[in-house]
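Worksheet: one structure, shown below.
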There are 2 protein chains.
Amino acid sequence: MDEIELDERKIKILDAVIRNYLETGEPVGSRTISKYTDLNLSSATIRNEMADLEELGYILQPHTSAGRIPSDKGYRFYVDHLMQEKNREVADMKQFVIEHTEKVEQVLQQVAKILAANTNYATMVTAPSYHRNKVKFIQLSNLDEEQILAVIVTEGKLVKNKIIPVSEPIDNETMLKLNILLNSNLNGLALEEINLGTIAKLKEQAGIHSDIISNVLDTVAETMGQDEDIRIYTSGTTNLFKYPELSDSTEKASELLSTFEEKQQLASLVTENLLEEENTGIQVYIGNESPIQTMKDCSVVTATYELGEGIRGTIGIVGPKRMDYEKVMDNLKVLKNSLDGILDKPKGQT
Amino acid sequence: MDEIELDERKIKILDAVIRNYLETGEPVGSRTISKYTDLNLSSATIRNEMADLEELGYILQPHTSAGRIPSDKGYRFYVDHLMQEKNREVADMKQFVIEHTEKVEQVLQQVAKILAANTNYATMVTAPSYHRNKVKFIQLSNLDEEQILAVIVTEGKLVKNKIIPVSEPIDNETMLKLNILLNSNLNGLALEEINLGTIAKLKEQAGIHSDIISNVLDTVAETMGQDEDIRIYTSGTTNLFKYPELSDSTEKASELLSTFEEKQQLASLVTENLLEEENTGIQVYIGNESPIQTMKDCSVVTATYELGEGIRGTIGIVGPKRMDYEKVMDNLKVLKNSLDGILDKPKGQT
DNA sequence: TGTTAGCACTCCACATCATCGAGTGCTAAT
DNA sequence: ATTAGCACTCGATGATGTGGAGTGCTAACA
């Protein structure tokens with residue numbers, strides 16, 4: 001429906017305005033456009049067209065006698081229609097990421113860092129939430145007389161430990177029984193499938209050691225529960241200083257940075273897409289489209305990745321509205337592809 | 001040697017200047033002091049004394065016809081001699097910290113947060129480095145045909161996992177042997193004690209499975225190695241915006257924040273004290289005394305804690321030179337005491 | 001001899017003012 | 001439909017001036 005109200009020439013001019021503004025960050029005037037484009041139109045004509053574009057809400061003037069800057073609507077149009085897909089050589093990153101680390105958490109921190117370095121914006125990456133993940137293996141072992149160690153491994157190859165205090169030593173035979181009990185009953189189950197019935201049955205069979213079972217189950221829930229506090233890795237937040245329109249008022253910048261520090265807030269940006277099963281694409285929030293108030297002067301681009309079956313997280317970039325959408329989305333795509341299914345592949349180098 | 005050059009009255013005046021400046025952040029003039037103190041001296045007298053203090057290097061003038069502000073030397077004197085020990089009711093924190101979490105890493109993040117909220121400065125807390133820590137327990141288990149899980153527990157109750165790929169399945173009997181082999185040879189050893197001899201012996205006894213042993217040993221080294229990348233938790237970094245003298249130039253602030261983000265840099269601040277065995281006190285770096293260049297306009301206060309035998313980390317606070325040293329040091333002391341030996345105590349609630 | 005009152009001086013902070021120029025909208029000519 | 005021209009707007013920039021807080025110095029005082 002957008003296209004109806006814009007003719008070819010207006011689109012060209014809008015495109016020129018936005019591109020120019022993305023580069024310079026300054027309001028762009030009619031003369032600039034007249035020279036910039038291959039339209040061969042005088043500044044006066046451009047001015048008329050620009051007045052129209054303003055009336056239509058695609059661009060706006062910060063004040064009379066200044067050039068025009070894109071409005072949110074303008075950016076939206078740009079992202080949806082004007083932007084070209086470039087497929088640049090960011091692919092190296094993939095190699096880099098894979099080779100440089102093994103631990104998932106470190107990968108994610110790396111991803112955030114690389115992305116920040118590459119784009120000059122602030123970035124965030126959420127650790128996977130273990131959505132619909134299944135129990136693969138549970139093991140209890142004696143640590144000493146007072147403590148036992150519980151290790152839980154999921155299909156997604158995520159491992160969690162818990163040290164559980166016990167009132168009295170457990171002999172090896174009992175331990176073996178408990179292990180068999182746990183594994184035979186829980187293996188292959190997703191969190192949702194472990195219901196009260198299963199739990200009751202387990203506890204009954206464990207007899208006097210039912211408290212240990214409770215403890216283990218708590219840990220299982222914690223490992224796989226979706227209400228687990230979401231871990232978010234951020235990087236390059238100080239990049240936001242590079243864009244005067246975000247950092248002029250100091251207060252604004254401070255608020256923005258606080259949002260990044262108080263990571264729980266970012267979660268709302270990010271969990272939103274996680275839930276929608278099918279949506280695996282890339283999301284763009286411009287200005288007020290973002291659910292976070294403090295980011296109304298920014299744009300946010302997010303992508304959802306899926307490390308393995310049911311293990312998902314989000315990568316996001318925050319920058320000024322005039323961010324280089326093409327580059328950012330390219331980067332996100334590449335990284336998303338790198339991360340997708342990373343756990344399914346064998347880990348060897350060759 | 002400081003005391004020699006300062007008589008009673010000069011000290012009182014210096015004290016007044018510093019305290020006043022700590023409160024207001026503005027250069028303080030002679031008239032203010034004359035009213036502030038119980039010395040009952042006119043501003044003119046104060047002026048003379050202040051001129052002396054300036055000549056001695058304890059205070060300085062930002063420009064002619066402005067009041068005086070403390071120099072680094074002045075702050076140093078204040079911290080060393082003037083400051084009173086207050087013992088306030090920060091003790092609640094201890095309870096709070098302990099009750100609200102069990103996992104060490106979360107405790108530390110909490111500590112950083114609380115400290116930041118309490119002091120209004122930027123804070124950082126390093127995760128423990130497992131200095132002289134010992135192996136307590138190692139266990140290998142079959143995950144599936146291609147992978148085994150190694151779990152390593154140290155005396156400090158830190159647990160680490162690694163998934164190790166194997167070329168062919170290991171039967172249970174072999175696994176048992178490997179477990180016994182590892183535990184009987186490594187238990188109770190510190191990292192430094194696992195030398196080439198031990199390793200060679202282990203590998204020999206493991207026969208065809210020596211590659212697994214190598215892998216496990218790698219993980220052990222990683223768990224306990226002191227060259228492990230140091231984890232640092234920061235909080236309240238945006239607090240630094242509250243102090244104009246740090247954030248006026250925007251560039252300065254940006255640089256400072258970058259330092260906080262690039263956490264590796266902070267390590268130098270923090271590892272310094274870790275090595276000195278006996279030093280368990282509180283360190284104060286004023287301005288250029290800090291090893292980090294970007295912090296030359298700040299003061300840094302650090303404290304080293306010891307969770308348990310040989311497991312140490314550092315808590316630090318970064319703020320403007322005119323920070324409330326008393327409060328900060330109080331807070332650090334309390335927190336340090338809370339953390340000290342936390343792992344030695346039983347974990348039960350009562 | 002130490003303290004104080006007084007005074008001239010300095011210099012920053014702040015507000016006022018004028019100027020400049022980029023950019024606009026409108027009108028009239030092409 | 002396009003363009004040249006022109007008057008107009010308005011922020012950015014820099015010069016100017018004023019007020020006030022604070023100093024150093026000198027001279028008077030206890």
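Please read these numbers as outputs of a predicted model, since none were measured by experiment. In what follows, every chain begins at residue 1, and chains take the letters A, B, ... in the order their sequences are listed.
A donor atom on one side chain and an acceptor atom on the other are found under 3.5 Å apart for A:E261 and B:T237. At a cut-off of 3.5 Å, with distance as the only test, a side-chain donor of B:S299 or B:Y325 sits close to an acceptor on the other residue. In this model, no donor atom of one side chain and acceptor atom of the other lie less than 3.5 Å apart for B:T238 and A:S254.
Taking A:Y121 as the reference, A:Y243 meet the ring-ring contact (aromatic ring centres under 6.0 Å, His included) condition, with sequence neighbours excluded.
Within the 4.0 angstrom heavy-atom criterion, no nucleotide atom of any strand lies near A:S43. Across all strands, B:A66 comes closer than 4.0 Å only to sugar-phosphate atoms, never to a base (heavy-atom distances).
To the nearest angstrom, P of C:dG25 lies 12 Å from NE2 of A:H63. Between A:I46 atom CD1 and C:dA22 atom C1' the separation is 17 Å, expressed in whole Å. The nearest whole Å value for the distance from the CD atom in B:E49 to the C1' atom in D:dT23 is 16 Å. Rounded to a whole Å, the CG atom of A:L60 is 16 Å from the P atom of C:dG23. Between the CG atom of B:D52 and the P atom of C:dG2 there is a distance of 11 Å, rounded to whole Å. The CD-C1' distance, from A:E26 to D:dA12, rounds to 11 Å in whole Å. Computed from coordinates, the A:L39 CG to D:dT3 P distance equals 10 Å when rounded to whole Å. Rounded to whole Å, the distance from CZ on A:R47 to C1' on C:dA28 is 14 Å.
Taking only side-chain nitrogens and oxygens, B:T45 comes nearer than 4.0 Å to OP1 or OP2 of C:dT4. Not one side-chain nitrogen or oxygen of B:R68 sits closer than 4.0 Å to the OP1 or OP2 atom of D:dA21. Here A:R31 does not reach the OP1 or OP2 of D:dA4: none of its side-chain N or O atoms lies under 4.0 Å away. Listed pair A:T64 / D:dC10 meets the phosphate criterion, a side-chain N or O lying under 4.0 Å from OP1 or OP2.
A:E326 has its side chain within reach of A:R19: a pair of non-hydrogen atoms, C-beta onward, lies under 4.5 Å apart.
Across B:I282, B:I317, B:V284, a single residue satisfies side-chain contact (heavy atoms from CB on, under 4.5 Å) together with B:V328, and that is B:I317.
Nearest approach of B:K296 to B:K321, heavy atoms of both residues: O-CE, 3.6 Å.
Five base pairs at each end of the helix from C:dT1-D:dA30 to C:dT30-D:dA1 define two local axes, and these are offset by 20° (rounded to 10°).
Mapping B:L41 and A:S65 onto DNA chain C via the closest heavy atom, the residue that lands nearer the 5' end is B:L41.
Side chain of B:N48, nearest nucleotide from D:dA4, C:dT4, D:dT23: C:dT4.
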